[in-house]
Amino acid sequence: MKKTPVVIVGAGPCGLAAACGLRRRGIEVTVLDSSAEPGSGSRAILLWPPVLEMLAELGVLPEAEQQGYRPRALCYHTHRDRTLRLPLDEVNGALVLRQERTSRLLEAALVKLGGRVERSVRISEVISGPDSVRVKAEGPNGEPLEYEADWLIGSDGAHSTVRKQLGIEFVGTEFSRAFALAEGQVDGDFAREDAHYYVTPAGVLVVIALPGGEVRVSGALDEGETMSLEAVQRLLDRRGPGGLTLSRPSQLKTFGVPHRVAATMRVGRCFLAGDAAHVHSPAGGQGLSLGMQDVRNLVWKLAGVIHGQLAPTILDSYSPERTAAARQVVQAIHGLTKQTLYPPMALRLRNALLHLLHRAGRLRDILLPSLSGRHVHYPDVLLGESSGTGKRPRRAGPLPAPGMQIPAWVPKAEGEGLNGFRLISVGPQDSTLARRAHSLLNGPSALATHHHLVRAEEGFLLLRPDDYVAASGQTLAELEQVCQRLAHVVQPHVATARTGTG
């Protein structure tokens with residue numbers, strides 16, 4: 001019996017990122033993977049800001065940028081001579097990098113942090129008890145292995161053994177059409193610095209250059225079409241810009257498009273993350289982005305509980321928050337994927353709407369924040385109260401509501417914000433609310449760090465370590481109430497003494 005604080009099942013990017021995040025916070029982890037070697041293949045290639053922020057936090061973003069490239073723009077071609085070009089910037093930009101490279105960077109980071117992956121270990125049973133989790137497995141030579149952990153993270157993919165062992169239903173549907181994915185050399189003229197989406201009445205096709213010279217070509221096969229190099233070439237000829245020829249394919253396959261979300265992402269001491277918790281079509285490149293947000297949500301909470309800095313009840317928020325986020329993204333991707341199968345007339349109407357939005361200057365503001373994960377929001381459950389709905393939270397005055405992402409005018413956390421809460425008061429330099437916030441949170445045993453920003457509106461934001469709003473308000477009474485709620489999850493034995501009288 002091997003004992004460890006945390007067992008992570010699955011050494012894909014999400015499992016490795018979770019392991020690195022916990023190791024950085026001084027927590028021992030055991031990472032198990034059924035494969036004998038690290039994963040190969042390109043798979044998820046578009047790394048949107050949630051992934052880049054996680055890579056930056058783990059110190060591997062500079063190397064990732066050296067191995068990949070940042071597309072200059074997303075180009076939507078509604079006709080061979082009509083293109084909607086949406087430039088990408090630092091806020092909403094992406095990085096193109098093969099998933100195998102992302103995984104290798106993260107595994108190297110884990111080794112530097114003193115961890116490693118135990119390979120060729122196949123999970124056979126997961127037993128979640130009130131005080132620990134037991135994992136039975138088979139080792140590289142068929143020998144029986146057993147692990148006991150305080151916590152378990154299942155990030156073992158769409159066919160997750162952990163999810164099945166926990167009896168969690170995987171709810172959703174699947175498109176009947178087959179989608180083609182080919183990678184190889186493409187001869188012909190197209191802007192390789194941009195990501196291209198051909199959305200003509202002939203159908204939808206994605207063409208994106210990969211680091212190293214190959215190009216990915218993907219789209220739904222026509223009814224009755226079987227996968228072959230010739231079939232992909234026909235897609236290029238009919239839906240693409242013309243004059244492109246695919247040759248020497250390194251990858252030529254079809255894939256189905258299931259859209260499923262786990263009924264829950266937590267059972268007792270076990271959590272699901274990544275494809276084990278949700279799967280959807282690659283439209284928009286959201287799969288790895290959604291999984292990394294699972295990791296970022298979970299790691300700071302779990303580390304805080306293990307270190308005794310946070311009450312265990314804070315872990316109750318993980319599943320409601322992340323299942324809500326997954327449903328939002330999967331629903332949006334489901335609609336986007338359905339559009340790829342529209343008949344020609346419907347595609348013409350859709351394209352006309354795209355051009356109207358583009359001429360009005362709104363298309364970029366609508367589409368890019370959605371792709372970059374800026375529209376994901378949480379129900380208000382973190383501090384023990386819930387709005388009771390999965391709807392987008394309502395703002396209270398000019399400040400964002402709990403569950404929304406932090407606004408762009410709030411400075412990013414440096415150092416201390418990675419592991420704790422921040423209270424941002426706003427208003428005049430020496431406002432009564434700012435002084436009260438300082439008095440409540442000043443001292444070595446503070447519930448959160450306090451910063452003041454001089455702005456026209458007056459109020460406060462309580463910010464989480466993962467850049468979401470935990471609470472907001474505009475009055476002293478609201479501030480007092482939030483500090484009392486925070487006291488129930490942050491260092492409870494200290495919090496009572498600091499906020500008991502208000």
Side-chain angles (χ1 to χ4, degrees), residues 42 45-46 48 69-89 92-96 177 179-211 213-222 225 231-247 249 257 281-286 332-333 335-372:
S42 54
I45 61 170
L46 270 177
W48 290 104
Y69 77 94
R70 288 184 178 268
R72 299 178 309 177
L74 303 182
C75 295
Y76 290 86
H77 307 275
T78 60
H79 192 272
R80 287 193 172 181
D81 59 359
R82 298 188 71 186
T83 298
L84 306 175
R85 190 173 186 274
L86 307 180
L88 297 173
D89 54 24
N92 293 311
L95 180 73
V96 176
R177 290 278 289 277
F179 286 71
L181 189 151
E183 292 173 359
Q185 301 299 317
V186 170
D187 296 322
D189 185 28
F190 73 101
R192 296 172 187 258
E193 302 87 357
D194 298 335
H196 298 272
Y197 299 85
Y198 297 91
V199 290
T200 70
V204 176
L205 188 72
V206 180
V207 179
I208 300 178
L210 299 173
E214 288 193 328
V215 176
R216 171 177 286 188
V217 178
S218 181
L221 287 170
D222 292 328
E225 186 83 82
V232 177
Q233 186 60 52
R234 283 192 289 272
L235 291 180
L236 268 174
D237 294 339
R238 290 183 59 240
R239 304 178 189 176
L244 300 185
T245 303
L246 175 68
S247 63
V257 181
S281 87
Q286 296 298 300
I333 295 301
L336 193 61
T337 305
K338 283 179 65 176
Q339 292 181 26
T340 69
L341 306 177
Y342 279 176
M345 181 55 70
L347 284 170
R348 289 189 180 94
L349 291 173
R350 193 276 311 274
N351 290 348
L353 177 60
L354 291 178
H355 281 278
L356 283 173
L357 290 171
H358 190 58
R359 283 196 294 271
R362 296 189 58 204
L363 182 61
R364 188 175 184 275
D365 293 337
I366 292 172
L367 187 59
L368 292 189
S370 177
L371 292 174
S372 61

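Across all their heavy atoms, W48 and A94 have their closest contact at CE3-CB, 3.7 Å. Across every non-hydrogen atom of G219 and L235, the tightest pair is O-CD1, 4.2 Å. Of all heavy-atom pairs spanning G213 and R192, the tightest one is O-NH1, 4.4 Å. Across every non-hydrogen atom of A195 and I208, the tightest pair is CB-CG1, 4.0 Å. A pairwise comparison of heavy atoms in N92 and S372 identifies OD1-OG, 2.8 Å as the closest pair. Of all heavy-atom pairs spanning L368 and P87, the tightest one is CD1-O, 3.6 Å.
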Go through the steps to decide whether Y198 and T83 satisfy the test side chain to side chain contact (heavy atoms under 4.5 Å, CB included), and finish with yes or no.
-> CA-CA 9 Å; Y198 297 91; T83 298; over 6 Å; no
Go through L353 and L349 one step at a time and tell me if the side chain to side chain contact (heavy atoms under 4.5 Å, CB included) criterion holds.
-> CA-CA 6 Å; L353 177 60; L349 291 173; over 6 Å; no
Would L244 and D187 count as a side chain to side chain contact (heavy atoms under 4.5 Å, CB included) if you check the C-alpha gap in whole Å, the side-chain angles of each, and the deciding distance to 0.1 Å?
-> CA-CA 6 Å; L244 300 185; D187 296 322; over 6 Å; no
Give the intermediate values and the outcome of side chain to side chain contact (heavy atoms under 4.5 Å, CB included) for residues L181 and R216.
-> CA-CA 7 Å; L181 189 151; R216 171 177 286 188; 3.9 Å; yes
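For residues 357-371, the side-chain hydrogen bond (donor to acceptor under 3.5 Å, both in side chains) pairs, not counting sequence neighbours, are D89-R364.
Of the possible polar contacts, none joining the H77 side chain to the R239 backbone as a donor-acceptor pair under 3.5 Å is found. Panel note: side chain T200, backbone A202; a donor-acceptor pair is recorded below 3.5 Å. In this structure, Y76 contributes its side chain and L354 its backbone to no donor-acceptor pair below 3.5 Å. With hydrogens and angles ignored, the 3.5 Å screen pairs no side-chain donor or acceptor of D189 with any backbone N or O of G243.
For the pair L205 and L236, the minimum side-chain heavy-atom distance is below 4.5 Å. In this structure, D194 and L88 have side chains that are not in contact, with every pair of non-hydrogen atoms separated by 4.5 Å or more. Contact check for L371 versus L74: side-chain heavy atoms found under the 4.5 Å cut-off. At least one side-chain heavy atom of V96 sits less than 4.5 Å from a side-chain heavy atom of L46.
Salt bridge annotation for D222-R238: present, with a cationic side-chain nitrogen under 4.0 angstrom from a carboxylate oxygen.
Residue-environment remark: CZ (R72) exceeds the threshold of 12 foreign heavy atoms within 6.0 Å.
R350 meets the salt bridge (Lys or Arg N to Asp or Glu O under 4.0 Å) test with no other residue; sequence neighbours excluded.
Paired with L84 under the rule side chain to side chain contact (heavy atoms under 4.5 Å, CB included), one option of N351, L363, V199 passes, and it is L363.
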